[in-house]
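A note on names: the letters A, B, ... follow the listed sequences, proteins ahead of strands, and every chain is numbered from 1.
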Amino acid sequence: MKESLGQTWAFFKNHFLNRVRTKKFVVWVIITPMLLIGFLNLIGGEEETEMEIEIAVVDNDQSQYSDLTLDFLNSEERVSVSECEDLQNAIDMMKRGDVEGVLVIPDDLSEKWRNISNEGNFTEPLTFKFYHLSGEHEDLIETILKGVTAEINEIILGDEMRRPVEIEPRALDLREEAYVDFLLPSGIMIVILQGGFFSASNTSSGLSELMLNKRLKISPVPQVISVGGMVTMDGLFTTFSGIIAMITGLILFGVSVSIWGILGLIPVILISSLTFSFIGSLIGRIASDRISSQGLSSMTIFPLIFFTQAYFFHWLFPSYVQKISRVLPIYPAVEMLKRLLFYSSSISYYGMEILRSLIWLAVMLAVFWFLHRE
Amino acid sequence: MNKTPIYLNVSNLRNRIDSFTLENITFKLGKGEVALIGGKNSSGKTSLLETLCFVNMPDEGNLVFLGKKVFDSGLKKKNWRETKKYIGVQFQGDSLFNNLTVWETFQLFSKNHGLEEIPKIVISCPFLQGFMDKRISKLSKGKVQLIKFLLSVMHGPKIVLLDEPVSNLDGDTRSWVHETIKKMKSNGTSFLITMNNLWSIGGISNRLITIEEGSLYRIYDNFHEYYKGCTAKLSSDFNINDIQEKDWVLGIEKRKDYYLLYSNLNVSRLLERKELPLLSIGEIMIEDFYPGGDGR
């Protein structure tokens with residue numbers, strides 16, 4: 001008994017020393033928790049979340065009342081307004097990602113204001129239509145419109161003591177899909193993110209761990225080609241996983257997508273898979289072994305997953321984090337997937353996202369080439 | 001006069017790798033020459049080999065392969081991509097792609113060297129018959145070692161750098177490797193081989209380059225002469241002038257508290273020399289060629 005305890009203690013002690021004596025110990029045990037909690041604090045710790053959204057406004061009333069509404073909206077810091085004459089154009093702007101929602105000023109706005117002014121009819125709501133992709137800005141718009149109408153109420157009726165006019169913002173999703181449907185693009189992106197990162201980082205760190213990188217270094221074939229080929233293959237495997245996720249999602253979520261939508265999805269998944277694979281391979285190159293590379297990959301993936309919107313919408317983050325999230329490679333891919341899956345948009349609607357994704361891929365390829373050049 | 005072309009010319013090579021420094025490395029390797037690199041554990045043999053093939057980038061010095069300058073302190077790396085086609089390297093301790101079969105492994109690296117087919121030297125190797133469809137992960141260490149040797153020579157390189165090439169091989173396979181090296185040597189291929197065991201490489205080398213704590217210690221030419229003989233420790237109060245000119249003496253070195261005599265006589269013949277104050281005697285070992293390494 002005493003002997004077994006002694007042996008156990010010896011292993012226990014040696015393992016402790018083995019862990020503590022590595023630089024990785026400091027990273028995993030001390031720095032990682034600090035970084036993760038710090039990140040959570042970053043995204044949720046701001047006392048007042050400032051949301052900023054860009055909306056298109058279609059004025060169907062064209063009256064002094066709608067002008068007042070627009071003036072107040074323009075003076076509101078939380079929204080940036082683009083006026084648009086036609087609803088379809090405004091919706092197209094939203095699909096392209098130029099704006100995040102479309103507010104329609106109803107053609108009976110002036111009539112209703114007059115009713116309120118002349119007849120004191122405060123029960124009939126003012127109905128604004130607000131089109132959006134995911135319902136994420138509904139509360140904000142409702143709050144802003146309440147404020148706007150209250151101010152108009154004060155101007156028209158000249159009595160700030162009167163009860164503000166009630167409004168009923170009608171948020172209409174373009175497809176009236178449930179929020180859960182928007183998890184599908186995010187879910188596909190998480191599959192791609194994890195697959196790309198882990199497989200490629202594992203490949204690159206495995207080459208170092210097994211010392212295969214030496215053999216590749218002295219091979220007549222440049223490493224950009226040999227290692228690049230392996231990472232590309234990881235990217236293709238990840239693409240395959242992404243397609244499996246997409247097919248499973250389409251079946252389980254009951255989403256019907258046109259053939260053009262599906263054809264558009266594959267390059268999006270391919271570009272994202274390759275980008276994340278090359279990022280993963282760079283992480284694998286930094287790590288000395290596969291265990292470290294998995295740890296580093298997890299550390300990198302963890303914050304990125306938040307930006308897939310699988311768990312949180314962007315607007316829950318502080319405005320500067322929202323801005324950061326938009327330049328990350330995950331954002332344009334999720335946006336493209338959303339539009340392709342739910343609106344079967346044509347390529348003209350997501351050209352900017354494709355461009356952003358291709359820029360990310362090009363940057364990663366350039367860094368990869370730089371590190372593996374001879 | 002027919003002068004042997006110099007295939008590898010190393011001068012004043014210096015490379016700092018973490019806390020270890022390889023320095024003052026200067027030697028030449030002619031066409032068809034086999035040189036052994038000897039030294040204690042951690043003396044820098046592997047580091048030297050890896051520096052020569054740029055797995056570890058040298059800091060200073062000059063490197064000329066096959067008449068082409070591939071490195072100097074000003075030029076840095078140059079002409080390496082063209083030159084490395086003519087070089088074969090066998091590393092110590094590296095792995096192959098475990099999930100590939102032996103055949104697939106040779107196919108992959110043949111294509112790397114621009115070869116259409118797996119070379120004959122591989123196909124005809126008697127020790128791989130019946131193993132070609134086996135995965136690398138299922139093979140013994142010896143078989144993997146043999147595959148790594150074949151990978152380093154199959155493309156017909158002009159210079160081959162081998163790090164402990166026969167350490168896991170059985171007697172028959174080792175003999176086959178020796179024969180292959182001899183055959184390639186006679187065809188003009190040069191070999192630089194690190195090793196811990198002098199006998200494991202047989203009598204195929206004519207030079208020994210010894211390294212001590214990262215620095216070149218001594219180069220023994222005509223090493224085959226030593227290979228035939230033995231070494232003996234002589235008392236430090238012995239007057240070595242009495243025997244220095246004898247034809248059976250290859251060399252005498254002053255060590256810490258004794259003289260080390262290298263002789264081309266074998267042990268029993270040297271024992272007949274009654275005038276020698278022998279402290280010990282034995283067959284020649286690699287350890288005899290660098291200070292502090294003698295284990296007898």
Side-chain angles (χ1 to χ4, degrees), chain A residues 21-24 26 195 198-238 240-241 277 280-281 284-294 368-374, chain B residues 17-18 46-47 49-57 65 70-71 76-100 105-106 108-115 136-137 144 147-157 159-163:
Chain A
R21 283 173 182 165
T22 60
K23 288 176 188 164
K24 279 177 255 172
V26 179
F198 281 116
S199 57
S201 65
N202 206 37
T203 299
S204 294
S205 54
L207 290 178
S208 309
E209 190 175 300
L210 300 171
M211 292 193 270
L212 266 162
N213 52 349
K214 291 182 184 176
R215 188 166 291 281
L216 297 178
K217 263 187 184 176
I218 54 109
S219 163
V221 176
Q223 282 187 90
V224 174
I225 292 173
S226 54
V227 183
M230 291 183 211
V231 177
T232 305
M233 179 46 75
D234 287 329
L236 294 179
F237 276 128
T238 307
F240 184 68
S241 297
S277 295
S281 83
R285 196 181 152 91
I286 296 166
S288 54
D289 53 57
R290 281 179 281 197
I291 292 172
S292 311
S293 85
Q294 282 171 12
F368 182 85
W369 172 83
F370 181 79
L371 293 175
H372 291 86
R373 75 195 190 286
E374 295 201 14
Chain B
I17 307 159
D18 297 327
T46 297
S47 299
L49 227 61
E50 292 186 353
T51 302
L52 290 176
C53 61
F54 293 105
V55 165
N56 293 317
M57 190 73 180
F65 273 94
V70 295
F71 180 87
K76 294 293 174 189
K77 198 160 70 166
K78 205 182 174 187
N79 300 319
W80 179 239
R81 193 182 287 181
E82 306 84 64
T83 308
K84 70 179 176 182
K85 291 176 192 165
Y86 304 104
I87 295 168
V89 186
Q90 179 182 352
F91 296 106
Q92 190 187 7
D94 67 329
S95 303
L96 300 169
F97 294 100
N98 277 333
N99 290 323
L100 295 188
T105 302
F106 282 116
L108 171 71
F109 287 103
S110 297
K111 280 189 180 153
N112 260 4
H113 287 290
L115 305 171
I136 296 290
S137 58
V144 174
I147 291 168
K148 290 199 296 187
F149 170 74
L150 283 165
L151 287 173
S152 68
V153 297
M154 68 177 188
H155 55 291
I159 304 173
V160 184
L161 312 176
L162 303 175
D163 196 357

Supply the atom-to-atom distance [X] [atom1] to [Y] [atom2], rounded to the nearest 0.5 angstrom.
| X | Y | atom1 | atom2 | result |
| --- | --- | --- | --- | --- |
| A/L212 | B/D94 | CG | CG | 6.5 Å |
| A/R215 | B/N112 | CZ | CG | 10.0 Å |
| A/I218 | B/F91 | CD1 | CZ | 4.5 Å |
| B/E50 | A/M211 | CD | CE | 8.0 Å |
| B/F109 | A/L216 | CZ | CG | 6.0 Å |

Which bit of A/L207 comes within less than 4.5 Å of chain B, counting heavy atoms only: side chain, backbone, both or neither? side chain
Against chain A, work out which of B/W80, B/F97, B/F54 has the most heavy-atom pairs shorter than 4.5 Å and name it. B/F97
Is a donor on one side and an acceptor on the other found under 3.5 Å between the side chain of B/K84 and the backbone of A/K217? yes
Any sub-3.5 Å donor-acceptor pair from B/K85's side-chain atoms to A/P220's backbone N or O? no
Please classify the contact of B/L96 with chain A as side chain, backbone, both or neither, using a heavy-atom distance under 4.5 Å. both
